[in-house]
Amino acid sequence: MKPETIAALIDRVADVRILREHHVWAAAEILGFDDLDSTMRRKFRALMEADALLDAVLLLAASADPPRSVGNVRNQRGHWVCTVRCDAAGNRRTATAEHADFAAAVLASLLASLQQPTVAHRHRPPSHQHDGSSSHEHQRHAQ
């Protein structure tokens, strides 16, 4: 895994209005899609073909090493706030991201959980626009 690749994808996801298929495929590559067993790869491809992006992201989270799970999701003023948990060898870490698109919030928090285990904060001030523009994404994560 290359941290700059993770950070770049986090930025790309933060800058979009809604999550797209190519973002999920990029995350799959970062997570080592080719290393997944054939059953998981088939299931992931089937989800992607069905345009079930959220389910595909959740499968990636469950397939990560160590596995991640969604710990908390809430909608706050039109933005989804998602926390992903990673329990590795008794060391519990969380990563939180906020996005106007539900699946993008889940993916952003998953990606944030892959970054270095030290405390990291990245903050994009929320724009209070509700006109559908792509500038209303905000992201924060702590591990």
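Applying the ring-ring contact (aromatic ring centres under 6.0 Å, His included) test to F102 and every residue at least two apart in sequence or in another chain returns W80. Listed by chain and number, the residues in a salt bridge (charged side-chain N to carboxylate O under 4.0 Å, His left out) with D87 are R92 (sequence neighbours excluded). Judged as a side chain to side chain donor-acceptor pair (under 3.5 Å), and not counting sequence neighbours, the contacts of T83 are T96. With sequence neighbours excluded, the residues satisfying side chain to side chain donor-acceptor pair (under 3.5 Å) with E21 are W25.
One finds the CG atom of N75 at 12.0 Å from the SG atom of C82 (value rounded to the nearest 0.5 Å). Between H79 atom NE2 and D101 atom CG the span is 11.5 Å, to the nearest 0.5 Å. For the atom pair L58 CG and L107 CG, the distance stands at 10.0 Å (nearest 0.5 Å). A distance of 5.0 Å separates CD1 of I6 from CG of L114, quoted to the nearest 0.5 Å.
Between R85 and T94, the shortest heavy-atom distance links the atoms CG-CG2, 3.9 Å. Residue C86 comes nearest to P66 through the heavy atom pair SG-CG, 3.5 Å, listed as atom of the first residue, atom of the second, then distance. Contact record, V13 with A104: CG1-O, 3.8 Å, taken as the closest heavy-atom pair. Nearest heavy atoms, V84 versus S109: CG2-OG, 3.0 Å. Taking all atoms of both residues into account, the shortest heavy-atom contact from R17 to H99 is O-CE1, 3.6 Å. Residues V24 and A56 come closest through the heavy atom pair CG1-CB, 4.1 Å.
By the 4.5 Å heavy-atom criterion applied to side chains, S113 and Q115 are not counted as neighbours. Contact annotation: the side chain of D35 never approaches that of D65 to less than 4.5 Å [non-hydrogen atoms, C-beta and beyond]. Taking the side chain as every heavy atom from C-beta outward, T5 and L9 never approach each other to under 4.5 Å.
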Output side-chain donor-acceptor pairs under 3.5 Å for residues 37-48, partner residues at least two apart or in another chain, one line each.
unit_1	atom_1	unit_2	atom_2	d
D37	OD1	T39	N	3.0
D37	OD1	M40	N	2.8
R41	NH1	D34	O	3.4
R41	NH1	L36	O	2.4

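Listed by first and then second residue, the ring pair (Phe, Tyr, Trp, His ring centres under 6.0 Å) pairs that reach into residues 53-75 come to none, sequence neighbours excluded.
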Give the intermediate values and the outcome of side-chain contact (heavy atoms from CB on, under 4.5 Å) for residues D51 and L53. CA-CA 6 Å; D51 202 28; L53 300 183; 3.9 Å; yes
